[in-house]
Amino acid sequence: MRLITAVIKPHRLDDVKTALQTFGVQGLTVTEASGFGRQHGHTEVYRGAEYRVDLVPKIRLEVVVDDDDAADVMSIITKAAHTGKIGDGKVWSVPVETIIRVRTGERGPDAL
Amino acid sequence: MRLITAVIKPHRLDDVKTALQTFGVQGLTVTEASGFGRQHGHTEVYRGAEYRVDLVPKIRLEVVVDDDDAADVMSIITKAAHTGKIGDGKVWSVPVETIIRVRTGERGPDAL
Amino acid sequence: MRLITAVIKPHRLDDVKTALQTFGVQGLTVTEASGFGRQHGHTEVYRGAEYRVDLVPKIRLEVVVDDDDAADVMSIITKAAHTGKIGDGKVWSVPVETIIRVRTGERGPDAL
Amino acid sequence: MNAAALPTQLAAPAELSAGDTAWLLVATAMVLLMTPGLALFYGGMVRAKSVLNMIMMSFSAIAVVSLVWFAFGWSLAFGDDLGGGLIGDFGQVFLHGMKPDSLTGTVPSLVFMAFQLTFAIITVALISGAIADRTKFRGWLVFCAVWVALVYVPIAHWVWGPNGWIREELGALDFAGGLVVEINSGAAGLAVALVLGPRLGFKRDPMRPHNLPLVMLGAGLLWFGWFGFNAGSALGANGLAAQSLVNTQAAACTALLGWIMVERKRDGHATTFGAASGAVAGLVAITPSCGLVDMPGAMAIGLAAGVLCSYAVGWKHKFGYDDSLDVVGVHFVGGVVGTVLIGVFAWDAVTPAGERGLLHGGGLGLLGKQIAAVLVTAAFSFAATYVIAKVIDRTIGFRASADDEMRGLDLAVHAETAYDLGSVGAASHLSSAAKAHPGPSPARAEPADRIDADED
Amino acid sequence: MNAAALPTQLAAPAELSAGDTAWLLVATAMVLLMTPGLALFYGGMVRAKSVLNMIMMSFSAIAVVSLVWFAFGWSLAFGDDLGGGLIGDFGQVFLHGMKPDSLTGTVPSLVFMAFQLTFAIITVALISGAIADRTKFRGWLVFCAVWVALVYVPIAHWVWGPNGWIREELGALDFAGGLVVEINSGAAGLAVALVLGPRLGFKRDPMRPHNLPLVMLGAGLLWFGWFGFNAGSALGANGLAAQSLVNTQAAACTALLGWIMVERKRDGHATTFGAASGAVAGLVAITPSCGLVDMPGAMAIGLAAGVLCSYAVGWKHKFGYDDSLDVVGVHFVGGVVGTVLIGVFAWDAVTPAGERGLLHGGGLGLLGKQIAAVLVTAAFSFAATYVIAKVIDRTIGFRASADDEMRGLDLAVHAETAYDLGSVGAASHLSSAAKAHPGPSPARAEPADRIDADED
Amino acid sequence: MNAAALPTQLAAPAELSAGDTAWLLVATAMVLLMTPGLALFYGGMVRAKSVLNMIMMSFSAIAVVSLVWFAFGWSLAFGDDLGGGLIGDFGQVFLHGMKPDSLTGTVPSLVFMAFQLTFAIITVALISGAIADRTKFRGWLVFCAVWVALVYVPIAHWVWGPNGWIREELGALDFAGGLVVEINSGAAGLAVALVLGPRLGFKRDPMRPHNLPLVMLGAGLLWFGWFGFNAGSALGANGLAAQSLVNTQAAACTALLGWIMVERKRDGHATTFGAASGAVAGLVAITPSCGLVDMPGAMAIGLAAGVLCSYAVGWKHKFGYDDSLDVVGVHFVGGVVGTVLIGVFAWDAVTPAGERGLLHGGGLGLLGKQIAAVLVTAAFSFAATYVIAKVIDRTIGFRASADDEMRGLDLAVHAETAYDLGSVGAASHLSSAAKAHPGPSPARAEPADRIDADED
Ligand SMILES: Nc1ncnc2c1ncn2[C@@H]1O[C@H](COP(=O)(O)OP(=O)(O)O)[C@@H](O)[C@H]1O
Ligand SMILES: Nc1ncnc2c1ncn2[C@@H]1O[C@H](COP(=O)(O)OP(=O)(O)O)[C@@H](O)[C@H]1O
Ligand SMILES: Nc1ncnc2c1ncn2[C@@H]1O[C@H](COP(=O)(O)OP(=O)(O)O)[C@@H](O)[C@H]1O
């Protein structure tokens, strides 16, 4: 199995979720994150003092999938999260050894 | 070493933490997350407009452990997080190459 | 490629970011986290009732790097995050199979 | 309330005083604001998953109590006595006969009626603090209506109504509501808390306040409104009102300091929440006595309340009743302190009733009457409330389901979430069904029957 | 406003009454507080990325409208009629001739002028709810100034000014601002919403309130201030003020319950947001009628408003105009309900104008006048506002860029973020450039030209 | 304060006016509300880790200052002059001799005393803004008591007390507190900030406001309360109060616009925080002059304050003193602007003192007196405060430990966290030790000695 992690723009989450669901992914986990990268942050001003905020809000999404699906899932995410503008984010994959479904104790692909 | 990641129901965190501590785990890292899965979300209503909220609050927990402990730790978490109801979450493991304790620079199992 | 994950003290984030940037890292992803470990939490008091809060605010930082840079990046983070006091955190690395840049579809080291 | 002067005034109305009326109009608005203030004060104290329900209990109390009051509550409380000082008659149902030019003392009867209404509202709303996070909303709405009619109205009549027996027969004093508002809500809160039982996880889970700045905002609004409550009870813009205002401030301040000093000694830290609680405890304790004692007396009463209440909030952990937001610890105990100490500090240089407490040479007489009044009020309120709550619980249900309590009442009951500060919220959908309001969809016909139950 | 009494009072000033003045001073402060209250009420309803912009629209309305009012708005609205009851003259520009001892009725003219100002302010601020999250700030500032001068001032003169034709010729009644404030802001809100078009993602993205406790706080402050608004309109501390206050409370309460009962039936849940909305709908509806009907009439008006408005807020989804925070559904509809029902419930035992509605045997006459006044006001307000908004949009621009709207106006327009509750915020830098205020740096010379654009 | 009228009034009390009393009762409550308002205004500005401490500084100031005032502060400030207009006597300690029927002018002396108290409270609370996030709580409590006694009380006596030398000898005017409240708190704030030194990370770390909606709420409450502050200082419900209210509004509005116009030009963005700051700057500047100038004069004073203060808040970055929340930039500078410009805009058609400023043909005389009074007040306040702060720092300590400052004072000092909005908070435990309140446990005997120190 593979753990696919994607860092994307917040407003793409809905489309990414729908695309994955359509493909047949049954579950995923989402966290709020902040990204630092080529996409610059912004300036804030408080009583004349300027603040550079380097970090841009991002959504971090994790989905564990069967080895066979990994490539497909990565490209589905890439497509659904794409806007073409700087800051669209990254998708990476990491090997997973075991996964257990807490409710049933099922292991491996059955736990997905 | 292994990185065990668990996505669990928030109100199980306390028990999971206690169980791991009892087993001898010295540390872990927790993040707030939202889960999408078989467990449906809920409906919210604002001035008559309905919102489907697919995402359910979850706790995401990471703990790096020695290879020998990985299986035990996974089943401890599974047990402590179990409620038997849909949405109990997942536990998965990923191989870790190195780990460093920032304070001392220790590496590997010593850093845990 | 390697995914380096670091759990550090919040007030070290700025220095770590700067150090990584200086080294040439182009991007990274940050999440708010809570840590449980040797560093104890604190006590809070509300109308005479005491609460033990075990969890200490931490920053969780992820950066995917080329295999060659992994060791350097880990030690840069370790150095920049170091205060010498308990609770400084951990840095670990995990192998990454692929990474895609969502904007361009580039893969592997080019996607960083 | 300027209790001594009132009956006469009711009997022989004087001319309208625009100054007194101005003050009572404002005081009424100020006391009304206390209930939204209380909603925030309480709302900040509960967990984020049920803050809206907490707020909703106060706002719905405003609505339900007002309608009951207008319909018949006012008439029963302040209408002509039916005999024995026990209850008023139905002569003024739906404000029958109250025209803009009807007077009570020097102010329009309508504004006096509205001023009294705001007291009834907040008394009911206060009770909600004892049963936070676990109350069925429908049960609460019914409780508001029944309780104000069967418990508040009689006590208000006994203490302030024409011929009210606690004032006239027993001779006990209550300037602005120690018996009627504070002890009454505190005893009732205990009764309802006992009927409903503790929150799931009480004494095990931490249930710390989710938003203390909100609590402090609520405390600020309460403090402000309390000037209307206490000084407004002089029923005119005069020296007695000024004295009441000064005493109110003095007691709030000594109580605030008293509470945090105890905390510092006992727990090692003076807390913000303690400061807010102390101020409220002082305001509670000075309520019955503000127009009856001098400033040093007020200081003493406040200090006693701050110290005692800061200990009293710990009782629930010891005895195991879940008075969630400390209605007993603050309002009951503070109310008792203030009402009883009238018997010690009352001074005829201040009080229009001309009574003297122990300290000013009045002997034990007044003290005894005050204690008797406290006992009667507390016993009646506790017993009657217990029965009412029990009946509601057995019939339509008063305690939320365990499931709803776990999820949080905001989602379960109100289908709302208090805060959406992050960007993940963007990942919900506008459900198309809702846009056209087609009436309850089949799946939602029985709200209790949620298909999408989620017990976190 | 005690409209019937006023012209006479203007003509023949009596002596100053300290009581009436005290009440009007306070009422003015209370109504002024309504606009910050509205800022929070609205601010809590929008998404976290534009709450500051929402708040800023209200605060800037306070400033701009005040200056226009002091400069010439007051004079045109309440100065001597130029003929036909259409508009006042320029005799009192910059408050020329208004000394501390000038009287209007029994109060200083200055306080009456300030009281009227607070009405103008909140009317303008209300409109901002219809165009949340997408308005160019500069466009808004200009709109505030132009709209108050060209729309508010004439309507205020027609209804309340010396010889105002709606009052004098048409004979329609508006005690505290159903026409001038509620229907006016509602119709204007619709016009501006149509000119600006819907928010990006309207009907697709969820745009749920980001902070409901803030909404409830705003509702509480509005409720409090509304007593000043309505009972203050009696222009004195008297029985009429008391009646208005009581009616205000009665209508708010029935409307609150009416709204949440509809919700419970239709959607399966009684919401907190619905309770706040219902209370406001009732307050809106009782505004024109509070000094003209008796309490049971007020209850009926409130109930009608609560029920009708709870349906009306759904129209925008059906018809597709993005009245973001329901200015039409609550203020227009509520205003119409209250203004028209005067024709049914007006009762000469209460109203100083001595008019009777249908129910009290007054026939259809008053009802017809009320409907005519509603139509005229709505039509003028809508048409004039539409033109003004269109002109602003074509010239300096009224709609924010799509980019700015996506990022959120707080960052894009005000360079601020509402909340920083986490520890990541620590990872920003104090930019050294700022410390010395060297004037706009080259990179910031054209703010629209941000080098660091970020469309999330 | 209606300073010209007062001494006479004190000498020859008239009859009680219920209208004037009503107004002053309300004004007192309104000004008291300003301090909780300030708590939120300041609280929103600091980082999330010390918001409760910030709020606590204001709430504790209410308590401590009230008790000092009741005990002897009032007597020293407004009691009979001991000679030379320097200080009052001890004749009214613990309000000795002040009965409900004692009058000051047309109002009960008790309400005048309470009104003055609210001024003392907020002056002290204002200072806390200069030393946010780094003050030892015990030090602050002591400072409140000592400072109000040694600095506030004398200055209040000089300006408003019987025979006060700044008013009587020097002949300077201060209607509602430019010298006593604004310049005084501003100069004191600078002194304390210098003694305590800058926050850790000042000029390096960003320390942006953690909750701007809270700031705006605070601004709204301050604005509301300020009508009581300024118009209440007329000490009656009359034309002068109306004029003061109008001027207050005019200055707040021009200042708000002035500030954000500067920002737009200089920084490229008009900010919400700037709007709030501007409004407050205008309110500050009109405080001394509101009852002495006409409306156009008020507009000019407000505009000057808005523009100047928006620059002045940058000084701290330039000169390196850490006046954290800009007490100097807003209150000192705004206070100077308003006090000095009385010498320009004072107009005898308005002021009961019958004085004229430069613009109305009064020559340079008044201007000179105003400048002299500013210099004297600022110098005394700065010097005395510096000494007091230094002594406190050397003895019991005034600056929090670096550790506590890093962790945030909320946790370190008050053992509390402001917000708990997430679900991780569920993972704390109710510590059993606490439930029984067994007195300080050994581990907590010395709170400074926390075993669980955590320096993040
Ligand atoms: N090496 C990296 N490791 C982890 N996350 C990264 C890395 N580089 C970028 N990111 C994440 O991807 C986001 C987008 O990257 P950025 O460089 O801004 O744009 P793009 O991916 O379009 O070139 C960043 O905000 C950050 O969250
Ligand atoms: N494939 C997956 N990858 C990552 N997280 C998952 C995956 N499937 C489920 N999850 C997480 O586990 C949680 C529980 O899953 P769910 O399908 O609702 O119930 P259950 O695990 O009981 O079948 C989800 O809310 C989500 O956070
Ligand atoms: N085994 C682990 N797996 C994951 N995170 C850990 C682990 N041990 C510690 N951590 C994280 O590192 C942080 C610091 O650890 P701690 O034991 O407090 O101090 P130190 O690393 O200095 O010994 C913890 O708060 C937690 O977030």
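The sequence lines fix the lettering, A, B, ..., with proteins before strands; numbering per chain opens at 1. Worth knowing before you read on, the calculation uses all heavy atoms, side chains too, and leaves out hydrogens, waters and symmetry mates. Owing to the predicted nature of the structure, the values given are computational and were not obtained by experimental measurement.
- No donor-acceptor pair closer than 3.5 Å links the side chain of K58(B) to the backbone N or O of T29(A).
- Heavy atoms of L61(A) lying under 4.5 Å from chain B are absent altogether.
- Contacts of R60(B) with chain A are made by side-chain atoms alone, with heavy-atom separations under 4.5 Å and no backbone atom involved.
- Put simply, of T78(B), T5(B), I4(B), I77(B), the one with the most heavy-atom pairs under 4.5 Å next to chain A is T78(B).
- The parts of L28(A) that come within reach of chain B are both its backbone and its side chain, each placing non-hydrogen atoms under 4.5 angstrom from that chain.
- A pairwise comparison of heavy atoms in T31(A) and E32(B) identifies CG2-O, 3.0 Å as the closest pair.
- Put simply, CG on L3(B) and CG on L3(A) are 9.0 Å apart, with the number rounded to the nearest 0.5 Å.
- Among residues 91-103 of chain B, the residues having any heavy atom closer than 4.5 Å to a heavy atom of chain A are, in sequence order, V91(B), W92(B), S93(B), V94(B), P95(B).
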Under the criterion side-chain contact (heavy atoms from CB on, under 4.5 Å), I'd like the reasoning laid out for L13(A) against L55(B): C-alpha separation, chi angles, the key distance, then a yes or no. CA-CA 11 Å; L13(A) 174 56; L55(B) 296 165; 4.3 Å; yes
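- Counting heavy-atom pairs closer than 4.5 Å to chain B, the top residue among Q21(A), M1(A), R107(A) is Q21(A).
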